[in-house]
Peer 1: 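Provided herewith is a single structure, encoded as structure tokens, for subsequent inquiry.
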Amino acid sequence: MSYLERWWRDASDDKRESFTNLVRNGQLEIVGGGWVMNDEANSHYFAIIEQITEGNMWLNDTIGFIPKNSWAIDPFGYSPTMAYLLRRMGFENMLIQRTHYELKKELAWNKNLEYIWRQSWDADETTDIFVHMMPFYSYDIPHTCGPEPAVCCQFDFARVHGFFYGRCPWEYHPIEIDQENVKERALTLLDQYRKKSTLYRTNTLLVPLGDDFRYVSIDEAEVQFRNYQMIFDYINSNPSLNAEAKFGTLDDYFQTLKDEADRINYSLPREIGSGQVVGFPSLSGDFFTYADREQDYWSGYYVSRPFFKAVDRVLEQTLHASEMLMAFLFGYCQRIQCGKLPTGYAYKLTAARRNLALFQHHDGVTGTAENHVVLDYGTRMHTSLQDLQIFMSKAIEVLLGLRQEKSDQNPAQFDPVQVRSKYDALPVHRAISAREGTVQSVVLFNPLEQAREEVVMLVVNRPEVTILDSNWTCVESQVSPELQHDKNKIFTGRHRVHWKASVPAMGLQTYYIANGFVGCEKAKPAKLKLFSNLSSIQCPTLYDCSEVEGDVVEIENQHQTLTFGVKHGLLQKVIQKNGLQNTVAEEISLYSSTGGAYLFVPHGEAVPISQSGGHLVISEGPLMQEVYSYPKTAWENTPISHSTRIYNGGNTIQEFLIEKEYHVELLGNSFIDKELIVRYKTDIDNKRIFYTDLNGFQMSRRETYHKIPLQGNYYPMPSLAFMQGSNGHRFSVHSRQSLGAASCKQGWLEIMLDRRLAKDDGRGLGQGVVDNRVMNVVFHILIESNISSTSNPVSDPQPLNPSLLSHCVGAHLNHPLHTFIAKKPQDINVQTHWGPFSPLTTPLPCDLHIVSFKVPRPAKYSQQQVGDPRFVLMLHRRNWDPSYCRKARSECTSVADEPVNLFNMFNGLAVLNARPTSLNLLHEDMEMLGYTEQIGEVSQEGRVIIPPMEIQTYKLELRAHQ
């Protein structure tokens, strides 16, 4: 729809009317109707829902059409998350194309290319959706009429002289159909149709006719139509051929097929089918990793352009937070005069939704676009990030009550703490000057549905600061030097201050950073230990420094001790305070390879790059302990440095995790045709079975097979990978961006961080990938032991679920606190009190996630009819493994076994009516979407019960209590 919307903008009224009529009378069908045809490996489910909804709503608002058939011919592998989301959006059928050629062969052999896709957790057939998989190598004309491309190409009549498409590479070229040759041509084509039809069960056959960049002129459309019409007329006037051929839309195909399936039962004996459409098998699972020929596995794009894969998620979480703040502004608007601000930003919010949606394209978040297109995607996302951050900094003023009337023209009093200077630069922390006698306000926004206690960090220019909470009470804090990737100057001269913050669910909390506040202890300086063979490191003033002694160094908190080897600066083992010991040998290595943006083609094993004797800086304080390692490598400019942090805090989720931050600079000619990985070699006996997430929504079981090459054993890792041993021990790595992961040997988990490839890999991009950017990759690692007997990964083909704690860790990493600092410091003697903003009456259960809380049409807010709900609340119930710690340690108060009442969810806001709707907000018939009966009860009592894994959406009307 991103293209159709551009065309529509410039089209005359007559053109628009003709187009609308063609769609309404079924001559032209819009399939999918998303803003783009999204990637399915790297995209997060929030962004997929956004992009389909953006396209579907635009289409419905513009011409009153709602698609019911999905069309995804070009993504490189397919995720069942799409099948689930489409079903819950009211789609009836899906079409897919790029799946592994061996898999196509296997499915074709049993006539299973048309099947019912069912979710792995679904025992009641409520997620079933009908799928047509195309059978051959490509979706172009040579590969769609039948099994022989040399024959099919002769029926691509746009390849005759006069058009700019290439001639057929098989040397048999199309010729115009006339009365002389029509019989021979028709029989030749029909022979292909018959051969293709043997791969499917029914007598209804789909033959697509098109390609990329086709139908650019009337003449081209006419030459295809004229020639095919003659062939069809010949076939249809010869009953002995036993065939009927005609033009049709995708919906015509599915309708004809289902009419036939109603009459004839095509089920095979002992086959598990579906009540949805009888006669077809039901299948579960995903279609990664894709290979189109030989050993060409498309696992490179899980990692290509990783910098922008990270920006994608930052924009996503910023949009999620902004939508929430905008909904609160509108909701409390009757109480606070704030209408101008959200309405004034409506246009920019729509642009942000569309820029995020655009990047979900299968050449966007995949990293497979040309450089100038990457620049366009990057610039759009950057612009929207800036716009949303300015909106958020103004919104918090209104919600904290600092400003009654706020228009989008007034400058904000706050700045976001992170500054991005340009579209492809890492964000830098805005430092607080902290001059003596001044105090600076800091506001934290928590976009999650549970209150959170978290150790937070800000950068200050002067270390002698004190942290105060919103009541001006002292808060314990620590200060440590800021570090950077520069072996000649590891310390920047600035300082990091850490303290434990407490922020209400979906709310705001204020803290103050003061210099010279009497009666409070200053931030406690961390103790430093230094080690270096590269050059001497000067101890920064204010800090106590000592030399590292011995071969190992340790850091610990109340739950775990981490051991590092001094020689290479890498993690070696983790000892839990409950006595559990795990080997976690960290390794940083490079593959040599010859792939490109799409393909990963390694040559041999990955080679470790760390040599003995780099820099090591250990910081130990009451709240955060850190080991920073700048390794010595064979290159003058080492491509990576990394920090490992653990936290103390009491009552935080952070104290259970290990934070790894890798600073990556895969730049210059030294790293051409190299791919950088981090590998964790543990003692978990996972039998080379591991689990990766699909779209941040569900898990998939992965098993490493020797019979396929390394690149085929790599899988997408949008946000999580874990291994589990026979003793129930689990090793999980949470990521805040999409990457690729593999488990090459027992107990090993490796994750690729970046790749730099000189050559094109022949899949349509026409260039290599050498536009690498400096970037930071952050992982949160969790080592857990079970509390009750757990499923065995070897014998259980079903995916395992993360623990509740693991879900919480992932939520915190992917929805960080948003921090804003006042532009101007105040005099320390003028105490202002900004109370917290706490909109939820009680935090939601820990396994219930607010996917979005928003006003779908902010620009039309004041014009919408009263009674038509203007707010949307989308909830996802996470499925967790009960054999691990139930309470997610201390953070979790409840889980969603009890109904949640929407009517008294918000402080000071009445929910006037609530009605369920589809995920794309366009259908109200819950049964058609596969929801069970209890969803309908919400409008009377406001009570919501959501089964595990389900996402449910409600339209609400909110009114502020006077």
Side-chain angles (χ1 to χ4, degrees), residues 39 41-43 74-77 98 289-292 295-313 359-382 422-426 589-603 606 609 635 637 639-640 662-678 710-711 714-718 737-742 750-777:
D39 171 46
N42 305 293
S43 49
D74 214 20
F76 330 133
R98 287 190 186 268
T289 288
Y290 171 53
D292 57 347
Q295 301 219 312
D296 290 356
Y297 282 88
W298 297 44
S299 45
Y301 84 97
Y302 303 156
V303 188
S304 298
R305 269 65 175 253
F307 178 90
F308 294 104
K309 285 173 162 64
V311 175
D312 167 61
R313 296 279 273 278
F359 193 61
Q360 303 316 305
H361 186 279
H362 57 270
D363 289 314
V365 68
T366 53
T368 56
E370 293 174 75
N371 291 354
H372 68 278
V373 181
V374 172
L375 180 131
D376 183 62
Y377 280 131
T379 306
R380 285 165 182 270
M381 290 196 288
H382 180 69
K422 64 200 259 285
Y423 83 98
D424 63 347
L426 271 179
S589 297
L590 279 176
Y591 284 106
S592 294
S593 67
T594 53
Y598 307 91
L599 306 184
F600 176 33
V601 187
H603 296 289
I609 62 169
W635 302 276
N637 293 330
I640 188 166
Y662 297 94
H663 178 90
V664 179
E665 302 196 356
L666 204 64
L667 312 173
N669 292 335
S670 312
F671 302 107
I672 289 288
D673 294 332
K674 297 283 189 259
E675 318 213 13
L676 181 69
I677 64 160
V678 61
L710 168 71
Q711 58 267 36
Y714 248 82
Y715 290 98
M717 177 188 160
Q737 68 171 87
S738 292
L739 293 165
E750 72 179 58
I751 299 157
M752 191 177 288
L753 301 176
D754 200 1
R755 48 205 311 266
R756 186 171 179 84
L757 299 145
K759 293 185 227 28
D760 177 56
D761 51 9
R763 293 305 186 278
L765 178 57
Q767 60 160 80
V769 183
V770 290
D771 56 347
N772 305 62
R773 307 316 204 270
V774 174
M775 60 165 208
N776 292 331
V777 177

Peer 1: Apply side chain to side chain contact (heavy atoms under 4.5 Å, CB included) to the pair Phe307 and Val774, showing each step before the final yes or no.
Peer 2: CA-CA 8 Å; Phe307 178 90; Val774 174; over 6 Å; no
Peer 1: Tyr301: which residues meet the side chain to side chain donor-acceptor pair (under 3.5 Å) condition with it, sequence neighbours left out?
Peer 2: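 Residues passing side chain to side chain donor-acceptor pair (under 3.5 Å) with Tyr301: none at all.
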Peer 1: If you define the side chain from C-beta out and look only at heavy atoms, does anything of Asn637 sit under 4.5 Å from Glu665?
Peer 2: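 Asn637 vs Glu665: side chains apart.
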Peer 1: Do you see a donor-acceptor pair shorter than 3.5 Å between the side chains of Tyr591 and Gln711?
Peer 2: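 No pair is found: no donor N or O on one side chain lies under 3.5 Å from an acceptor on the other.
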Peer 1: Is it the case that Tyr598 and Arg763 place a side-chain donor and acceptor less than 3.5 Å from each other?
Peer 2: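 No.
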Peer 1: Do Ile640 and Asp754 come within less than 4.5 Å of each other through their side chains, counting heavy atoms only?
Peer 2: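 No - every pair of side-chain heavy atoms lies 4.5 Å or more apart.
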Peer 1: Aromatic ring centroids of Phe600 and Tyr714 under 6.0 Å?
Peer 2: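 Centroid distance Phe600-Tyr714: below 6.0 Å, so yes.
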Peer 1: Are Asp760 and Gln767 packed together at the side-chain level, in the sense that at least one heavy-atom pair is separated by less than 4.5 angstrom?
Peer 2: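 They are not in contact (no side-chain heavy atoms under 4.5 Å apart), so the answer is no.
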Peer 1: Any idea which heavy atoms bring Ile672 and Ala758 closest together, and the distance?
Peer 2: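 Closest heavy-atom pair between Ile672 and Ala758: CG2-CB, 3.6 Å.
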Peer 1: Do Tyr302 and Phe76 come close enough that some side-chain heavy atom pair is under 4.5 Å?
Peer 2: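 Not in contact.
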Peer 1: For Asn371, is the CG atom crowded, meaning more than 12 foreign heavy atoms sit under 6.0 Å from it?
Peer 2: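 Yes, CG of Asn371 has more than 12 neighbouring heavy atoms, counting only those of other groups under 6.0 Å.
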Peer 1: Do side-chain atoms of Lys759 reach the backbone of Gly596 as a donor and acceptor pair under 3.5 angstrom?
Peer 2: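 Judged by distance alone, no pair lies under 3.5 Å.
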Peer 1: Work out which heavy atom in Pro639 is nearest to a heavy atom in Ile609; give both atom names and the distance.
Peer 2: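 Closest approach of Pro639 to Ile609, heavy atoms only: CG-CD1, 3.9 Å.
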Peer 1: Arg773 and Asp424: which non-hydrogen atoms are nearest, and at how many Å?
Peer 2: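 Closest pair (atom of Arg773, atom of Asp424, distance): NE-OD2, 2.9 Å.
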Peer 1: For the residue pair Glu675 and Leu666, establish whether any side-chain heavy-atom pair is separated by less than 4.5 Å.
Peer 2: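 SC-SC contact between Glu675 and Leu666 ruled out.
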Peer 1: Would you call Thr289 and Tyr715 a side-chain contact if the rule is heavy atoms closer than 4.5 Å?
Peer 2: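 Side chain of Thr289 against side chain of Tyr715, heavy atoms only: contact under 4.5 Å found.
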Peer 1: Please state whether the rings of Phe671 and Trp635 are parallel, tilted or perpendicular, taking 30° and 60° as the class boundaries.
Peer 2: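 Tilted: the ring planes of Phe671 and Trp635 meet at 30° to 60°.
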Peer 1: Take Gln360 and Asp312, measure what side chain to side chain contact (heavy atoms under 4.5 Å, CB included) needs, and give me the verdict at the end.
Peer 2: CA-CA 9 Å; Gln360 303 316 305; Asp312 167 61; 2.8 Å; yes
Peer 1: Ignoring hydrogens and geometry, is there a side-chain-to-backbone donor-acceptor pair from Ser304 to Gly367 under 3.5 Å?
Peer 2: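 Side chain of Ser304 to backbone of Gly367: no pair is present.
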Peer 1: Using a 3.5 Å distance criterion without hydrogens, assess whether the side chain of Arg756 forms a donor-acceptor pair with backbone atoms of Gly668.
Peer 2: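 Yes; at least one donor-acceptor contact below 3.5 Å.
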Peer 1: Is it true that a side-chain atom of Asp39 and a backbone atom of Val365 form a donor plus acceptor pair closer than 3.5 Å?
Peer 2: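 Between the backbone of Val365 and the side chain of Asp39 there is no qualifying donor-acceptor contact (under 3.5 Å).
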Peer 1: Under the side chain to side chain contact (heavy atoms under 4.5 Å, CB included) criterion, do His362 and Ser43 qualify, and how do the steps go?
Peer 2: CA-CA 9 Å; His362 57 270; Ser43 49; over 6 Å; no
Peer 1: Judged by modelled atom types alone, do Lys674 and Ser592 share a side-chain donor-acceptor pair under 3.5 Å?
Peer 2: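 There is such a pair between these side chains.
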Peer 1: For the OG atom of Ser589 and the CD atom of Glu750, what is their distance to the nearest 0.5 Å?
Peer 2: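 The OG atom of Ser589 sits 8.0 Å away from the CD atom of Glu750.
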Peer 1: For the residue pair Leu599 and Asp761, what are the closest heavy atoms and their distance?
Peer 2: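 Scanning both residues completely, I find the closest heavy atoms to be N-OD2, 2.8 Å.
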Peer 1: Once rounded to the nearest 0.5 Å, what's the spacing between atom CG of Asp771 and atom NE2 of His372?
Peer 2: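 Between atom CG of Asp771 and atom NE2 of His372 there are 12.5 Å.
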Peer 1: Under the 3.5 angstrom rule, does the side chain of Arg98 hit a backbone N or O of Asp74 as a donor-acceptor pair?
Peer 2: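 The answer is yes, because a donor-acceptor pair under 3.5 Å joins these two groups.
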Peer 1: Start with the C-alpha gap between Met752 and Leu739, add the side-chain angles, then the distance that decides, and say whether side chain to side chain contact (heavy atoms under 4.5 Å, CB included) holds.
Peer 2: CA-CA 6 Å; Met752 191 177 288; Leu739 293 165; 5.9 Å; no
Peer 1: Using the ring centroid of each side chain, check whether Tyr377 and Phe359 are separated by less than 6.0 Å.
Peer 2: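 Yes, the ring centres sit under 6.0 Å apart.
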Peer 1: So which atom in Leu765 and which in Glu370 form the shortest heavy-atom distance, rounded to 0.1 Å?
Peer 2: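 Closest approach of Leu765 to Glu370, heavy atoms only: CD1-N, 3.4 Å.
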Peer 1: Which pair of heavy atoms, one from Tyr290 and one from Asp292, lies closest together, and at what distance?
Peer 2: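 That would be OH-CB, 3.3 Å.
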Peer 1: Do Val311 and His382 come within less than 4.5 Å of each other through their side chains, counting heavy atoms only?
Peer 2: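 Val311 does not reach His382 side chain to side chain.
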Peer 1: With a 4.5 Å limit on heavy-atom distance, are the side chains of Gln737 and Pro306 in contact?
Peer 2: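 In contact.
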